[in-house]
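Please read the structure below before turning to the comments.
The structure presented is a predicted model; accordingly, all values stated were derived computationally and were not measured. Per chain, numbering begins at 1; letters A, B, ... match sequence-line order.
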Amino acid sequence: MTDTRFDPSQADGRWQRAWEEAGTFTANSDSDKPKSYILEMFPYPSGRIHMGHVRNYTMGDVLARYKKMRGAEVLHPMGWDAFGMPAENAAMEKGVHPGKWTHANIDAMKAQLKRIGFALDWTREFATCDPEYYGHEQALFLDMYEAGMVYRRSSEVNWDPVDMTVLANEQVIDGKGWRSGAEVEKRKLDQWFLKITDFAGDLLDGLETLDGWPDKVRLMQENWIGKSQGLEFSFELSDGETLPVYTTRPDTIFGASFVAVAADHPVAQAVAKDDPLAATFIEECKKGGTTAAELETMEKLGFRTQLSARHPFTGDAMPLFIANFVLMDYGTGAVMGVPGHDQRDFEFATKYELLIRRVVASDASEADAPMGEEAESGDGVIVNSDFLDGMSVEEAKAEVIARAEGGGWGKGTTVWRLRDWGISRQRYWGTPIPFIHCETCGIVPVPKDQLPVKLPEDVDFSIPGNPLERHAEWKATTCPKCGGAAQRETDTLDTFTNSSWYFLRFASQPDDAPFDPVEVAKWMPVEHYIGGIEHAILHLLYARFWTRALAKIGKLEVKEPFASLFTQGMVTHETYALGDGSWLSPDEVRKDGEDYVHIESGQPVTSGRVVKMSKSKKNVVDPDNIIADYGADAVRWFMLSDSPPERDLPWSESGIEGCWRFVQRLWRLFDQIDDSASGEDKALARKAHQAIVAVAEDIEALSFNKAVARIYELTGAAEKAPPSADRNFVIRTILHLIAPMMPHLAEEAHAKLGADALIADAAWPKHDPAMLVEDEVTIAIQHKGKLRDTLTAPKGASKDDLEALALASEKVQRSIDGAAVRKVIVVPDRLVNIVT
RNA sequence: GCGGGUGUGGCGGAAUGGUAGACGCCGGGGACUUAAAAUCCCCUGAGUUCUUACUCGUGUGGGUUCGAGUCCCACCACCCGCACCA
């Protein structure tokens with residue numbers, strides 16, 4: 001053979017064109033084959049594909065190609081999550097229109113994805129900034145409005161002063177904007193909301209059905225939704241007003257010794273009106289930080305008002321405080337303080353010398369046991385509580401709730417941590433909210449036949465803030481109801497709405513509707529959804545909510561969009577720094593023996609921690625350069641090798657070189673098929689049959705690293721084996737096993753071996769069940785649990801035979817050294833353990 | 001603080017309670033070559049050693065078992081998520 005090297009620089013492109021021309025990966029929804037929808041989280045068009053994308057899409061690609069080989073009709077689409085802040089930042093910095101910037105990025109990234117040879121159905125590609133897409137989104141939003149799932153109210157919002165927009169609670173991390181990192185301020189604005197809280201219970205219950213999701217993600221969502229059950233009841237205040245409070249521990253009600261309200265509670269505000277000291281205290285509370293560290297150390301502070309609250313059972317008057325640890329936006333913004341059995345109340349009561357009373361004890365006889373240095377929040381029996389005495393915590397809860405409901409002063413309720421989703425953004429580059437403000441008619445939805453409400457093209461980014469707000473011409477419209485002059489809503493939808501239904505649009509994209517439910521039903525739910533753990537709450541909760549909301553208004557059959565979810569790890573890289581601490585990129589550094597040297601200055605370089613690739617640490621490796629050097633298949637192989645896919649993958653130059661060597665090794669092996677060879681090699685053939693099954697299992701479990709190891713093993717065995725008909729079969733098997741992972745090499749070798757069809761259309765190899773079983777096995781011989789010898793025995797040998805063989809071993813006899821054999825444990829086909 | 005996860009060679013990592021370290025990377029030695037690249041072969045957990053073996057070894061300490069990386073109890077370290085949630 002003349003060409004002893006596989007040359008990806010010309011083979012990759014050739015096969016990519018071949019697949020495209022043949023429409024190999026175009027999904028046919030009318031196919032009779034079983035359907036398989038494989039989806040990776042679509043990218044934001046930032047401008048460049050990074051290694052994280054490559055890893056993510058390679059995993060999905062292997063699944064998609066494998067499923068196709070197993071006879072499925074596969075939908076594996078790609079598109080662009082194209083709205084968002086970076087486009088506006090680019091507009092402000094470089095004076096480019098966000099749309100132009102975004103489309104240029106899409107073009108560049110699409111070309112990059114194509115060079116990696118992903119099996120994508122590009123016929124379904126779209127960007128969420130396409131008016132067709134966001135127009136349908138506006139229609140869905142109006143449907144939700146009609147169903148009562150959308151409302152507008154004035155609310156205190158998280159205002160990001162850098163991005164000059166409102167953020168959802170989910171987008172505030174440690175008191176800072178998730179994107180800008182700026183300290184978030186509180187502002188009161190008219191905002192649009194989606195009633196995600198109406199679905200809180202549903203979203204929580206649905207988690208139980210998601211067997212294919214990581215427990216970790218399910219748990220994170222569970223905590224975020226934050227269901228808690230308790231009693232809501234009202235105290236009578238000394239001024240005649242009533243104060244509703246919420247508690248999860250109604251059983252401890254006899255231990256209550258004070259009542260506290262949040263600083264921004266109406267009662268506190270009323271008190272502050274007449275009491276300057278109270279007003280000062282409230283101001284102090286607002287200054288407090290919100291970061292974890294600050295909250296940790298913050299002292300529980302309170303202001304004792306002149307008011308008191310009347311205990312519903314004893315009638316005792318309890319002091320009413322304004323307290324800094326009570327949150328206005330959870331429960332009712334007011335609590336009953338039970339110092340004995342709540343740590344915060346305990347600290348508070350200690351500071352203000354309030355009564356700390358035991359109402360739960362380990363045993364009735366411990367009723368008078370003194371309280372310790374901490375509150376006791378555990379289980380026990382109720383004491384010092386009148387009619388509750390002797391009950392368990394659970395019984396007492398039920399009893400108090402029953403009496404409150406009977407007496408009409410309270411009721412058992414469920415409180416959620418989840419808030420409604422504020423979706424108003426004061427930005428240009430997003431879906432315009434399809435509403436009109438009319439002086440006479442109020443807020444009026446845009447009639448559906450007027451959709452899409454398109455973004456204006458001529459916008460000015462020279463001043464910060466929302467260009468839509470300043471665009472008089474765009475804003476001016478007529479009221480659909482009265483026909484009078486009116487103004488358009490200038491807020492746009494949070495970008496997370498764009499990604500909340502894109503998977504439906506991939507499955508079906510009619511012109512006149514967001515999707516066709518019949519077509520969607522053919523593909524949904526997504527069989528494998530792959531992406532980063534950073535979306536565990538935000539995107540994945542919103543997408544689940546939209547799917548349920550659309551199901552509720554009869555547009556969908558499915559309630560859960562993603563049958564199984566896989567969260568992949570990050571791609572990491574060593575970091576390099578000079579003595580002065582400045583970071584260096586991998587190509588500025590040369591390896592000199594064990595050490596690293598700065599190429600330019602010759603200075604020594606210290607190699608640091610292996611961390612996520614990031615621009616700031618300069619440890620980014622550009623996939624394009626690597627593909628140019630090694631070809632797509634070596635990179636794909638690297639992405640699948642070594643690290644389990646859910647863990648981080650450390651990128652290394654030597655690692656990719658190893659992958660490159662393996663590509664060439666396979667190429668030489670595929671060249672060694674010798675049709676003149678005859679004869680059997682049963683042991684080798686058996687290995688191949690075992691690998692067919694094992695690699696399939698590994699791919700289905702997304703254990704790509706194990707599949708890779710098995711292929712290495714089989715390849716090594718095939719290389720060493722002498723020519724035979726079986727060896728030819730084994731080499732052809734390897735060719736098919738690697739096809740989903742290294743598709744270009746596989747096509748090239750497949751064609752060279754005389755095939756005229758694409759291997760992408762080939763079937764997964766069939767195994768012979770009879771060939772999975774070994775006829776000889778290695779038996780481990782232990783003496784007192786320690787390995788002394790191994791021997792080969794026919795499979796299925798009897799226990800007696802194995803025992804005899806084991807005792808005949810010279811090494812074993814030496815170890816036993818004449819001691820009396822007390823017991824022999826025989827595990828057939830595995831081991832013999834001799835106990836003396 | 002609460003919840004979850006992970007600890008195995010120089011590194012990434014394998015291992016239904018049954019031969020720990022598969023497979024890959026790094027490293028060492030050799031072959032081929034004028035030389036290099038490429039390729040191929042051998043070695044590669046630690047220690048002792050009369051090179052034949054033995055001892056130790058999966059974060060630490062206990063336990064269950066004929067047998068534990070795997071199961072149980074206690075602890076340590078690191079990572080992730082949430083957090084004055086009443």
Side-chain angles (χ1 to χ4, degrees), chain A residues 4-5 173-174 214-224 226-228 230-231 245-249 252 260 262 288 290-292 294-296 298-300 323-327 329-338 341-345 347-348 415-417 533-534 536-537 572 574 594 610 637-638 641-644 646-650 652-659 661-662 664-665 668 703 705-716 719-720 778-790 811 814-815 822-827 829-836:
Chain A
T4 53
R5 287 207 139 204
I173 294 150
D174 285 340
D215 290 343
K216 181 184 172 138
V217 176
R218 290 201 276 179
L219 202 72
M220 281 166 73
Q221 292 212 354
E222 191 183 318
N223 291 338
W224 188 265
K227 183 178 185 174
S228 109
L231 170 70
V245 299
Y246 170 73
T247 177
T248 54
R249 294 294 304 272
T252 63
T290 48
T291 66
E294 284 170 309
L295 289 176
E296 191 75 34
M298 201 186 293
E299 197 182 7
K300 307 276 176 288
N324 67 346
F325 67 93
V326 180
L327 305 174
D329 58 359
Y330 185 79
T332 61
V335 298
M336 69 169 190
V338 183
H341 305 283
D342 180 283
Q343 187 57 29
R344 287 158 309 182
D345 296 349
E347 289 170 32
F348 192 80
V415 166
W416 306 89
R417 207 189 82 107
I533 185 75
E534 67 274 18
I537 295 173
T572 60
E574 218 172 11
E594 287 292 282
V610 178
W637 189 250
F638 185 100
S641 304
D642 296 348
S643 290
E646 67 278 11
R647 287 205 217 162
D648 289 352
L649 172 68
S652 73
E653 195 66 25
S654 51
I656 184 70
E657 274 165 16
C659 294
R661 280 198 295 274
F662 187 61
Q664 299 303 338
R665 251 174 88 188
R668 288 191 298 272
S703 297
N705 57 322
K706 291 189 214 169
V708 162
R710 286 186 210 282
I711 290 171
Y712 270 118
E713 240 176 314
L714 184 61
T715 302
E719 285 170 334
K720 287 189 178 72
T778 306
I779 307 287
I781 314 297
Q782 296 179 340
H783 174 217
K784 293 199 283 193
K786 287 196 173 176
L787 183 74
R788 294 296 154 184
D789 200 2
T790 58
K811 288 178 184 174
R814 204 183 325 140
S815 179
R822 290 192 302 156
K823 198 170 168 188
V824 179
I825 288 122
V826 182
V827 183
D829 298 333
R830 280 247 165 213
L831 67 67
V832 180
N833 187 12
I834 295 154
V835 188
T836 57

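Between the side chain of A:Lys300 and the base of B:C84, at least one donor-acceptor pair of N or O atoms lies under 3.5 Å.
Residue-level contact check: A:Val835 touches the backbone only, with heavy atoms under 4.0 Å from sugar-phosphate atoms and none from bases. Residue contacts shown for A:Thr790 include a base, since a base heavy atom lies under 4.0 Å away. At a threshold of 4.0 angstrom between heavy atoms, the contacts of A:Asn833 include nucleobase atoms, whether or not backbone atoms are also involved. Looking at heavy-atom distances under 4.0 Å, A:Thr332 makes no contact with the nucleic acid at all. Contacts of A:Gln782 with the nucleic acid, taken as non-hydrogen atoms under 4.0 Å apart, include base atoms. Within the 4.0 angstrom heavy-atom criterion, no nucleotide atom of any strand lies near A:Arg710. Among the protein residues, A:Leu327 comes within range of the nucleic acid bases, having at least one heavy atom under 4.0 Å from a base atom. Within the 4.0 angstrom heavy-atom criterion, no nucleotide atom of any strand lies near A:Val338. Within the 4.0 angstrom heavy-atom criterion, only backbone atoms of the sugar-phosphate kind lie near A:Arg661; the bases stay farther away. Here A:Gly226 lies out of heavy-atom contact (under 4.0 Å) with every strand.
Under the Watson-Crick and G-U wobble criteria, each requiring two contacts below 3.5 Å, nucleotide B:C2 is paired to B:G81. In this structure, B:C75 forms a base pair with B:G59, meeting either the Watson-Crick or the G-U wobble geometry with both donor-acceptor distances under 3.5 Å. Pair assignment for B:U49 gives none, since no Watson-Crick or G-U wobble pairing has each distance under 3.5 Å. A 3.5 Å limit on both hydrogen-bonding distances identifies B:G12 as the Watson-Crick or G-U partner of B:C23. In this structure, B:C66 and B:G18 make a Watson-Crick or G-U wobble pair, each of the two defining distances being under 3.5 angstrom. The base-pairing partner of B:U39, taking Watson-Crick or G-U wobble contacts with both distances under 3.5 Å, is B:A31.
Under 4.0 angstrom from either OP1 or OP2 of B:A86 there lies no side-chain N or O belonging to A:Arg249. Phosphate proximity of B:A86 to A:Tyr246: absent, as no side-chain N or O sits under 4.0 Å from OP1 or OP2. Contact between the side-chain N/O atoms of A:Arg788 and the OP1/OP2 oxygens of B:C54 is found at a separation under 4.0 Å. In terms of phosphate contacts, A:Arg417 brings a side-chain nitrogen or oxygen within less than 4.0 Å of OP1 or OP2 of B:A83. Taking 4.0 angstrom as the limit, A:Asn705 places none of its side-chain polar atoms (N or O) nearer than this to OP1 or OP2 of B:C23. Between B:A15 and A:Lys706, a contact under 4.0 Å exists linking OP1 or OP2 to a side-chain N or O. Considering only side-chain N and O atoms, A:Arg218 lies nowhere under 4.0 angstrom from the phosphate OP1 or OP2 of B:G4.
To the nearest 0.5 Å, atom CZ of residue A:Arg417 and atom OH of residue A:Tyr330 are 9.0 Å apart. Atom CZ of A:Arg5 sits about 8.0 Å away from atom CZ of A:Arg668, to the nearest 0.5 Å. The structure places OG of A:Ser641 at 8.5 Å from CZ of A:Phe662, a figure rounded to the nearest 0.5 Å. Note that the CG atom of A:Asp829 and the OG1 atom of A:Thr778 stand 10.5 Å from one another [nearest 0.5 Å].
Nucleotides B:C11 and B:A83 place their C1' atoms 37 Å apart, quoted to the nearest Å. The gap from the P atom of B:U49 to that of B:U55 amounts to 16 Å, rounded to the nearest Å. Only the C1' atoms considered, B:G69 is 14 Å distant from B:U6, to the nearest whole Å. Only the P atoms considered, B:A15 is 16 Å distant from B:G24, to the nearest whole Å. Annotation: B:C43 and B:U51 have their C1' atoms spaced 15 Å apart (nearest Å). Between the C1' atoms of B:C78 and B:C73, the separation comes to 22 Å (whole Å). Nucleotides B:C71 and B:U16, compared at atom P, are 11 Å apart to the nearest Å. Separating the C1' atom of B:G57 from that of B:G47 is a span of 10 Å, rounded to the nearest Å.
Look at CD on A:Glu657: it is 11 Å from P on B:C25, rounded to the nearest Å. A straight line from CD of A:Glu646 to P of B:G4 spans 19 Å, rounded to a whole angstrom. To the nearest angstrom, P of B:U19 lies 12 Å from CD1 of A:Ile781. Rounded to a whole Å, the CG atom of A:Asp215 is 11 Å from the C1' atom of B:G5. Between A:Glu653 atom CD and B:C25 atom P the separation is 14 Å, expressed in whole Å. Atom P of nucleotide B:C41 and atom CZ of A:Arg665 are separated by 8 Å, given to the nearest angstrom. Atom CG of A:Leu787 is separated from atom P of B:A53 by 13 Å (rounded to the nearest Å). Atom NZ of A:Lys786 and atom P of B:G57 are 8 Å apart (whole Å).
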Determine, stepwise, if the pair A:Met336 / A:Thr252 fulfils side-chain contact (heavy atoms from CB on, under 4.5 Å). CA-CA 10 Å; A:Met336 69 169 190; A:Thr252 63; 4.0 Å; yes
What do the steps show when you test A:Val832 against A:Val826 for side-chain contact (heavy atoms from CB on, under 4.5 Å), and what is the final call? CA-CA 5 Å; A:Val832 180; A:Val826 182; 4.3 Å; yes
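Of the two residues near RNA chain B, A:Ser643 and A:Cys659, the one whose nearest nucleotide lies more 5' is A:Ser643. Comparing A:Ala334 and A:Met220 by the nucleotide of RNA chain B whose heavy atom lies nearest to each, the residue mapping closer to the 5' end is A:Met220.
B:G17: glycosidic angle beyond 90° from 0, hence anti.
When distances are taken from the side chain of A:Glu713 to each of B:C23, B:G18, B:C84, the shortest belongs to B:C23. Picking from B:A86, B:G18, B:G3 the nucleotide with the shortest atom distance to the side chain of A:Leu219 gives B:G3. Side-chain atoms of A:Val326 lie closest to B:A86 of the nucleotides B:C40, B:A53, B:A86.
In this structure, A:Val338 and A:Arg249 have side chains that are not in contact, with every pair of non-hydrogen atoms separated by 4.5 Å or more.
Checked by atom type, the side-chain pair A:Ser228/A:Tyr246 shows a donor-acceptor distance below 3.5 Å.
Between the side chain of A:Ser815 and the backbone N or O of A:Lys811 there is no donor-acceptor pair closer than 3.5 Å.
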